[in-house]
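To keep things clear, I will list the structure first and then write my remarks on it.
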There are 2 protein chains.
Amino acid sequence: MDWRHSWPVAMHEDSGDIDRPDKPGFFSDYTAGLCSRKVGECCIDFSVAVVLPAGGSGERTGLATPKQFCTFLNRPLISYTIQAFERVPWIKSIVVVVAKESMALMMDIVQRFQHRKIRVVQGGSTRHRSIFSGIHALSESENGMAPLKPKVVIIHDAVRPFVEEDFLCKIAMAAKEQGAAGAIRPLVSTVIASTSEGYLDHSLERGKYRASEMPQGFLYDIIYQAYQRCNESDFEFGTECLHLALQYCGTNAKLIEGPAALWKVTYKRDLAAAESIIKESLSRLACVITGGSAQATTLANALHKTLGALDTQLDVIPDIRHPSNHWNFIQISVGCHSISQVKAVVRYLEEMNQALLYPVVVIWVLLDNSDDSSVSERTVEPAVIMELASAAKIQNLLLYGIQLHHSKEADCWERSVGRVTEIISALIRDRSTALVGQLLQA
Amino acid sequence: MDWRHSWPVAMHEDSGDIDRPDKPGFFSDYTAGLCSRKVGECCIDFSVAVVLPAGGSGERTGLATPKQFCTFLNRPLISYTIQAFERVPWIKSIVVVVAKESMALMMDIVQRFQHRKIRVVQGGSTRHRSIFSGIHALSESENGMAPLKPKVVIIHDAVRPFVEEDFLCKIAMAAKEQGAAGAIRPLVSTVIASTSEGYLDHSLERGKYRASEMPQGFLYDIIYQAYQRCNESDFEFGTECLHLALQYCGTNAKLIEGPAALWKVTYKRDLAAAESIIKESLSRLACVITGGSAQATTLANALHKTLGALDTQLDVIPDIRHPSNHWNFIQISVGCHSISQVKAVVRYLEEMNQALLYPVVVIWVLLDNSDDSSVSERTVEPAVIMELASAAKIQNLLLYGIQLHHSKEADCWERSVGRVTEIISALIRDRSTALVGQLLQA
């Protein structure tokens, strides 16, 4: 069986290392509006700001595109990371630090995806210089307003998009109490020291060491002071903020074990992994619109079962309204295959600007009543769907059609429902832009 | 632009850490028959065997399915790893060590995917015990034959499927000369030591340390001796074979920097990444069959350009033969849309057992000559393709149809070619089983 469905709980993304099957599951929701945790569950009663260093420039790393600006599902990686902080109510301000040559691009991203709470500042030539620029910006007044200087500042990587509110809460709390706090993970590989000639010198005892990850949190005054006191070589070659707080302020950071999903997008394969996590998350909930018809409702209820078995929960509603937390819509049309129904759905979603952050899938299921059971019988012009789909695609709405013959034979009907389920599930999971406007046969 | 195409060379999978854009590209071929290196390029003139510990059992790790047995593209992860060694001519024997409860499953996998050079042995209760079982098996005679005891033994992980011949060659050579050799990678995160109370004690200087990865190679006699001398606690808690060789035989292992693709499949996201690497690799080459028709050849040449721009090289041939290193076939039929042509292709691929290791995509492009330019015009029964596709699917052949109208208008024709290119590219990359048998409109 395919790993998507066979993968055991203990290996779910957030289960940490595989020996610890006690952690929350992989299927936490990383998609806005699907946030798996109740807002306000964590009570932070002090001011918290975020600094997001995204200064890596093509020049410096030799890359054509810095990876934080590489896109999947029509959106650059950094926008996903910003969104993760934006949806946390107690985070009041996010400072994104980018290289000079990326300022315009970053401004455009903020505007295009309507990010709020954001301030974009220009970074320095190294990671530490960029972080300090961001921290410094928090103590400056912006267009006449009083400075935002927060109690606690959280520092994160632009290339770790999957950070959740509950963990940010732990970091912020610990930072306030201890002065500094950072995420850690168990080591995946043994760490070894090599001789100058490239031979094994010794290997470290895994249990005693941890990988230092992001996010990290600090009392604002402590990290500010640490950066003011540290020297050129720290700014040039340093990698670890926690180390600076220890060395220059004597603050021993509290280390908190983070979920596996905090991993850093480093290689091309990591972008494929990130895309699959988002797609998985988007495909977990769909909304089927019956138009009140009895036949459509029968099919909807059947799909509720079959799609549920494939981990897609189905909300059945007579007509579309408040689709705030849906990314997949299935319009069932019966008999006379009036395209007006699906046109209305598309128009509504366009007006709601529903597909601003993620491509929204709209599947038009044409339930055909005629007695001629020939699957080839086409009661709608493919060209009509193709046209509608091409227009919708520009709005990030992916429209597909499925033609389904309503058979009176139980077996035959069950097979058709099976096929339609398989196709819907694939369309929702793949979100293929190349196949929009196709009228598929179930 | 999507990361699949925008990703710069320096971030290609094998480029190692992003500061070192000098390594070979991501697009090495991990698919059998597509091996990117000339066979025999590396001259190993001594006997080499491989031990593949795959003992991780559901019981021990608390998993329902040990991850080495999770499948993608219809094949368990461990089969990909075995294949990586199997295709290396100078590796004579591969010992797979599995838990008692997985023996039958492993035997079935070896038979189903026709793996050669394989011996399956039962492992112990820990990783080191399992590795020793495998090494020990190499000195035992099997069904009357003389023992295979090799000069050098390579130890690898069942969950690192992307290891290539040239790197195995380096490891084997160094192992023969130095007694032991192991793959290393730069540390992705800073490594820190924590106090017993969970506070930062100190952080290690990244440059001085490396992550120890697999494969590792040893002179057979050295690793055998090391295991004979080591104690219970080594067998129980040890993680590092190189450490045993050092401690019990005084052998300082040679450390060799390996490619990023050696990473260990640990989390669910890693399986998504592995699947995307394989799909990427499979989609790099396709074979279009024109049947000798002039019109088909014109289309084929157009596709050669457009698909080439999407990193899919197209071989244009009049009729199918020796498809040994193709995983994607496009049959262009003109005018009278005789299904016999695509039937012949499917039959041929079935006879060649072409889809044993990977799902093979067969796309039937129906080039429609009529003057009626209505895209809805259907000159073939969808039911006929669906039926053929359902039968082919059982053989791991994924058949799709695309109907294309041949317009005399240049612009219109160009648009059609653009659409057909987009659809073919998507079908080849996604390899969706849910959409087989569909007749798509270009």
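Side-chain atoms are counted along with the backbone in the values below, which use heavy atoms only and exclude waters and symmetry mates. Every chain is numbered from 1 and lettered A, B, ... according to where its sequence line falls, protein lines coming before strand lines.
Only the side chain of B:L187 comes within contact range of chain A, with at least one heavy atom under 4.5 Å from a heavy atom of that chain. Heavy atoms of A:L242 lying under 4.5 Å from chain B belong to its backbone as well as its side chain. Heavy atoms of A:K254 lying under 4.5 Å from chain B belong to its backbone as well as its side chain. Of the two parts of B:L435, only the side chain, counted from C-beta on, holds a non-hydrogen atom closer than 4.5 Å to a non-hydrogen atom of chain A. For B:N252, the parts lying under 4.5 angstrom from a heavy atom of chain A are both the backbone and the side chain. If you measure heavy-atom distances from B:E205 to chain A, you find no contacts under 4.5 Å at all.
Here the straight-line distance linking atom CG of B:D270 with atom CH2 of A:W263 works out to 8.5 Å at 0.5 Å rounding.
Interface check for chain B: of the options A:A180, A:G198, A:S432, the most heavy-atom pairs under 4.5 Å are formed by A:G198. Taking B:G182, B:S203, B:A426 one by one and counting their heavy-atom pairs under 4.5 Å with chain A, the maximum is reached by B:S203. Between chain A and the options B:L255, B:D430, B:T433, the largest number of non-hydrogen pairs under 4.5 Å is found for B:L255. Options B:K208, B:R75, B:Q178, B:R206 differ in how many heavy-atom pairs under 4.5 Å they form with chain A, and the most are formed by B:Q178. Chain A forms the most heavy-atom pairs under 4.5 Å with one residue out of B:G207, B:A181, B:A253, B:A211, and that residue is B:A253. No other option in A:A193, A:S194, A:A434 has as many heavy-atom pairs under 4.5 Å with chain B as A:A434.
Using a distance-only test at 3.5 Å, with no hydrogens or angles considered, a donor-acceptor pair links the side chain of A:R269 to the main chain of B:A260. At distances below 3.5 Å, not a single donor-acceptor pair connects side-chain atoms of A:Q441 with backbone N or O atoms of B:Q438.
Applying the side-chain contact (heavy atoms from CB on, under 4.5 Å) rule to B:R210 yields the partners A:I192, B:I184, B:E257; only residues at least two apart in sequence or on another chain are considered. Partners of A:E240 under the salt bridge (Lys or Arg N to Asp or Glu O under 4.0 Å) rule, at least two apart in sequence or in another chain, do not exist in this structure.
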